[in-house]
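Heads up, the thing below is written out as structure tokens.
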Protein chains: 2
Amino acid sequence: MYRIGELATLCKIKTDTLRFYDKQGLFVPSSRTESGYRLYTKKDAQRLRFILRAKTIGFTLVEISELLSIELDKSNKACADVKSLVDLKLADISQKIEQLHYFKNALQQLSSDCCGGPESAQHCSILEALESTSSAKNRTNNGHHQAHSHATK
Amino acid sequence: MYRIGELATLCKIKTDTLRFYDKQGLFVPSSRTESGYRLYTKKDAQRLRFILRAKTIGFTLVEISELLSIELDKSNKACADVKSLVDLKLADISQKIEQLHYFKNALQQLSSDCCGGPESAQHCSILEALESTSSAKNRTNNGHHQAHSHATK
DNA sequence: ATAAACCTTAGACTTAAATCAAAGGTAAAG
DNA sequence: CTTTACCTTTGATTTAAGTCTAAGGTTTAT
């Protein structure tokens, strides 16, 4: 059993945030002491980590609530409901992953094209990199612009 | 050349947002008419799409500015600077991708474990799914709890 | 048994990212 | 030549997600 301060330091957030999540109904402690202190179990901690993870990926607190409500409502919902909600979120996530790969490619190209030296970064541009990655995707070969366009200027 | 309203409808955002981005210096139109109307080029539109993409992935406007500034400052910065900034962002993105895969796995397990029928979703839980995916990752074999915990309880 | 470190609540404040509103300039269509 | 749809600016309001403040109760250590 953790008290609010312990859980907060454990997860590197503020007690305020935990109270806020409690008030929002997003993350409610399993129990309280007689005097009203919040008490969190290991399972709660796991749930919190889930929430924090979800946040870093760009889910809003409301979306996270939705995801978690799958657990909380489990006995009140039909499998079919759960499945369709989950599949919705899955599509969402898959798209995010796709977008991230797109960015990653662009940045990687940027990084590898870049000599890394003290010269002026004349041709270092994300948009240039994006152009070439998207052309690598869309067109088979239209490249008047062969990869290492930079390096010696 | 697009005017603000055209670009807005094209990208499904509000003109207010475009003016806001302009004021923030995040996305400034290439030119203005004599009477002060903002004029955006195709290249601007591309840049805007980049910004909107970045937003859906969870980058803040400040982070996006940073990314784009790689382009804008290019002749003022050394390649070494650009490279280190890019590599930082790359690490960031890689982590996000990892987290998303973690979520995706969990949800996929949830979805496939789920019968999808009209029965009560007693054992459908994201956290259960996460437990099994994270135990698959972290521990080599500490499992008194072998994968398909669901289905027949 | 009292100080120090923690906890409680309610409510005000902050920041990011818009979104809205007011007051007025512009341009094309009737 | 005036209406209508757009544009301009400045400034206020909204929403999400905290963060801080004040006033007070609880626990542990001395």
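Letters A, B, ... mirror the listed sequences (proteins, then strands); counts begin at 1.
Ring geometry, A:His101 versus B:His101: the interplanar angle falls from 30° to 60°, so the pair is classed tilted.
Across all their heavy atoms, A:Tyr2 and A:Glu6 have their closest contact at CA-OE1, 3.2 Å. Scanning all heavy atoms of the two residues, the minimum distance from B:Leu39 to B:Asp44 falls at O-OD2, 4.0 Å. The two residues A:Glu63 and A:Phe59 have their closest heavy-atom pair at OE1-CA, 3.3 Å. Contact record, B:Leu48 with B:Cys11: CD2-SG, 3.6 Å, taken as the closest heavy-atom pair. Nearest heavy-atom pair across B:Thr56 and A:Lys96 is O-CE, 3.3 Å.
Heavy-atom distances under 4.0 Å link DNA chain D to A:Lys14, A:Asp16, A:Thr17, A:Phe20, A:Tyr21 of residues 14-22 of chain A, given in residue order.
Expressed to the nearest 0.5 Å, how far CD of B:Gln95 lies from CG of B:Leu90 amounts to 13.0 Å.
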Could you please spell out the steps behind the salt bridge (Lys or Arg N to Asp or Glu O under 4.0 Å) verdict for B:Lys23 and B:Asp16? CA-CA 10 Å; B:Lys23 212 192 305 180; B:Asp16 291 304; over 6 Å; no
For B:Arg32 and B:Asp22, what are the C-alpha separation, side-chain angles and deciding distance, and is it a salt bridge (Lys or Arg N to Asp or Glu O under 4.0 Å)? CA-CA 12 Å; B:Arg32 297 265 187 147; B:Asp22 186 354; 3.1 Å; yes
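Relative to the six-membered ring of A:Phe27, A:Arg47 misses at least one condition, a distance below 6.0 Å or an angle of at most 45° to the axis.
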Assign a letter to each nucleotide of nucleotides 24-30 of chain C from its 5' end: B, base within under 4.0 Å of a protein heavy atom; S, sugar-phosphate only; -, no contact. -BBS---
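OP1 or OP2 of C:dA18 sits under 4.0 Å from a side-chain N or O of B:Lys55.
Across the protein-nucleic acid pair, B:Leu48 atom CG and C:dA18 atom C1' stand 14 Å apart, rounded to whole Å. One can place CD of A:Gln24 at 14 Å from C1' of C:dG11, the figure rounded to the nearest angstrom. Going from atom CZ of B:Phe27 over to atom P of C:dA17 covers 17 Å, rounded to whole Å. For B:Leu52 and C:dA17, the CG to P distance is 13 Å, given to the nearest whole Å.
On the nucleic acid side, DNA chain D contacts chain A at distances under 4.0 Å to non-hydrogen atoms, with the end points of that region at D:dA17 to D:dT27.
B:Phe50 has its ring centre less than 6.0 Å from the ring centre of A:Phe103.
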